[in-house]
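Only this structure's heavy atoms are used, side chains among them; waters, hydrogens and symmetry mates stay out. Quick caveat: nothing in here was measured; it's all calculated off a predicted structure.
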Amino acid sequence: MNLNRIPKSIAICAIVLTFTSPSLFSQTKQIDQASWQRYRIDDSEFSVALPFVPAMSSYHVRMLNATRSPIRHLVGAYEDGVAYTIYVFSRKQSLDDFINSFPNASSFTFVRDMKLDGVAGKEYVLRNERGHTVARFFSTSTKIYLFEAWGSPLVSGDQRMMRFLDSIKLTGRDGRLLNDGDGELWQPPDDYQNAPPTEILSGKEVSTKAVVTSKPEPTYTEEARQKQETGTVVIRCVFRSSGAITNLKVVSGLQYGLTEQALSAARQIKFLPAGKGGHFVSMWMELQYNFNLY
């Protein structure tokens, strides 16, 4: 059920996350936590409310497997222990077939059939020691939508999760138009009650590891495709307690813009931060983006 794993038919590269060692700190932008606004995408029917401008990646590549619904947009945002994710797919199969085609589908529990603005949908939930996830799928004549709300066990996030999910509209064109980009980042205020320790930890030192909720895949540049450039971009970075990706350092790169594509995708990763001692903590990570021509 977890669609963070983008199907191979749409992915030009793959990402591997591993733990690594320290670098430097960078600041994120202070966000007004009260300013929920409605957002939309130009070629899609939905709009939804979020606490601030989310990151968005769009995909316009030719599919190798036309029978499977290709992803067109991935939207992600994070705020204080709650992550919000939206997937937009071109519909090439039934909703049931679409849901059943993902290897983690059995991990989720079916809750109910839904109908929103005349559009059929289904709701699933998952609760475990790593958090709480609610997923709502909807299928129109041309698109399949997945809206996911993720809550960390370290916060009481159910109210914000439901505010996001219950704001979904599948008719009308109201809301701010989203464009591809990093969006805005939430930063805890100075008096934040869940203030974490200042050190950056390794994966072995945390009690619960970070949970990636959306990870955009970089695509080939035209020059790299023409030059037949393949290989792996390795990036060292920090998954911050604030939900930001910082301290990005290229360990090994590729030519013709592929390193820059990987860095851009890495900055848009959204996740629930790692935890230790009842607090969110920062941890070192290594990202590997494997570029292969098919």
Side-chain angles (χ1 to χ4, degrees), residues 1-11 14-19 48 54 57 65 67-71 73-79 81-89 91-114 116 120-139 143-162 164-166 168 203 206-217 239 243 268-276 280 283 285 287-288:
M1 180 67 63
N2 183 344
L3 300 187
N4 299 325
R5 174 181 161 183
I6 299 177
K8 290 183 179 179
S9 59
I10 53 163
I15 177 174
V16 178
L17 281 71
T18 57
F19 307 118
V48 68
S57 295
N65 180 0
T67 64
R68 188 164 188 173
S69 300
I71 191 171
H73 304 283
L74 173 58
V75 178
Y78 171 84
E79 179 199 35
V82 176
Y84 313 91
T85 308
I86 304 164
Y87 294 86
V88 180
F89 298 86
R91 180 179 174 180
K92 300 292 184 182
Q93 59 198 130
S94 71
L95 184 58
D96 285 337
D97 288 344
F98 177 85
I99 294 171
N100 292 332
S101 66
F102 291 91
N104 293 330
S106 59
S107 300
F108 278 67
T109 300
F110 174 74
V111 176
R112 57 173 173 156
D113 290 308
M114 301 183 67
L116 178 64
K122 295 178 181 290
E123 181 177 87
Y124 293 79
V125 299
L126 172 65
R127 284 187 183 272
N128 56 31
E129 69 282 357
R130 304 179 72 187
H132 173 209
T133 308
V134 181
R136 291 182 181 176
F137 293 84
F138 296 97
S139 178
K143 298 285 194 304
I144 291 178
Y145 299 102
L146 168 58
F147 301 87
E148 288 184 318
W150 303 70
S152 168
L154 297 182
V155 300
S156 177
D158 286 1
Q159 184 175 1
R160 284 177 289 146
M161 293 170 65
M162 296 312 298
F164 163 71
L165 293 167
D166 290 344
I168 300 167
V206 302
S207 300
T208 57
K209 293 181 174 64
V211 178
V212 174
T213 60
S214 62
K215 54 179 186 190
E217 299 286 352
F239 276 33
Q268 293 189 40
I269 292 173
K270 301 301 177 185
F271 62 96
L272 300 180
K276 183 176 182 179
F280 293 125
M283 64 182 293
M285 299 290 286
L287 310 176
Q288 297 182 13

Minimum heavy-atom separation for [X] to [Y], with atom names?
X	Y	answer
Arg91	Ser139	NH1-OG, 3.2 Å
Ala210	Phe271	CB-CD1, 4.1 Å
Pro54	Gly76	CB-O, 3.4 Å
Met283	Ala274	SD-CB, 3.4 Å

Legend entry - Stepwise side-chain contact (heavy atoms from CB on, under 4.5 Å) check, Arg127 with Thr109: CA-CA 9 Å; Arg127 284 187 183 272; Thr109 300; over 6 Å; no
Distance check, rounded to the nearest 0.5 Å: [X] atom [atom1] versus [Y] atom [atom2]?
X	Y	atom1	atom2	result
Leu287	Lys215	CG	NZ	10.0 Å
Phe89	Ile71	CZ	CD1	4.5 Å
Ile99	Ile144	CD1	CD1	8.0 Å
Leu165	Met114	CG	CE	8.0 Å
Thr133	Leu272	OG1	CG	7.5 Å
Tyr84	Glu79	OH	CD	5.0 Å

Heavy-atom donor-acceptor pair, [X] side chain to [Y] backbone, under 3.5 Å:
X	Y	result
Arg160	Met162	no
Thr208	Arg130	no
Gln93	Ser69	yes
Ser94	Asp97	yes

Legend entry - Member of Ile86, Leu146, Thr85 meeting the side chain to side chain contact (heavy atoms under 4.5 Å, CB included) criterion with Leu74: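 Passing option: Thr85.
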Legend entry - CA sep, side-chain torsions, deciding dist, call: Trp150, Val212, side-chain contact (heavy atoms from CB on, under 4.5 Å): CA-CA 10 Å; Trp150 303 70; Val212 174; over 6 Å; no
Inset, instruction - Could you check Asp166 against Arg136 for salt bridge (Lys or Arg N to Asp or Glu O under 4.0 Å), going step by step and ending with a plain yes or no? - result: CA-CA 10 Å; Asp166 290 344; Arg136 291 182 181 176; 3.2 Å; yes
Legend entry - Note, Glu129 side chain near Pro153 side chain (heavy atom, < 4.5 Å):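 Side-chain contact under 4.5 Å: no.
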Inset, instruction - Kindly write out the residues that satisfy ring pair (Phe, Tyr, Trp, His ring centres under 6.0 Å) with Phe138, not counting sequence neighbours, or none if the list is empty. - result: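 Not a single residue meets the ring pair (Phe, Tyr, Trp, His ring centres under 6.0 Å) criterion with Phe138.
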Inset, instruction - Go through the steps to decide whether Glu148 and Tyr87 satisfy the test side-chain contact (heavy atoms from CB on, under 4.5 Å), and finish with yes or no. - result: CA-CA 9 Å; Glu148 288 184 318; Tyr87 294 86; 3.8 Å; yes
Inset, instruction - Carefully, step by step, assess Val48 and Val75 under the rule side-chain contact (heavy atoms from CB on, under 4.5 Å). - result: CA-CA 11 Å; Val48 68; Val75 178; over 6 Å; no
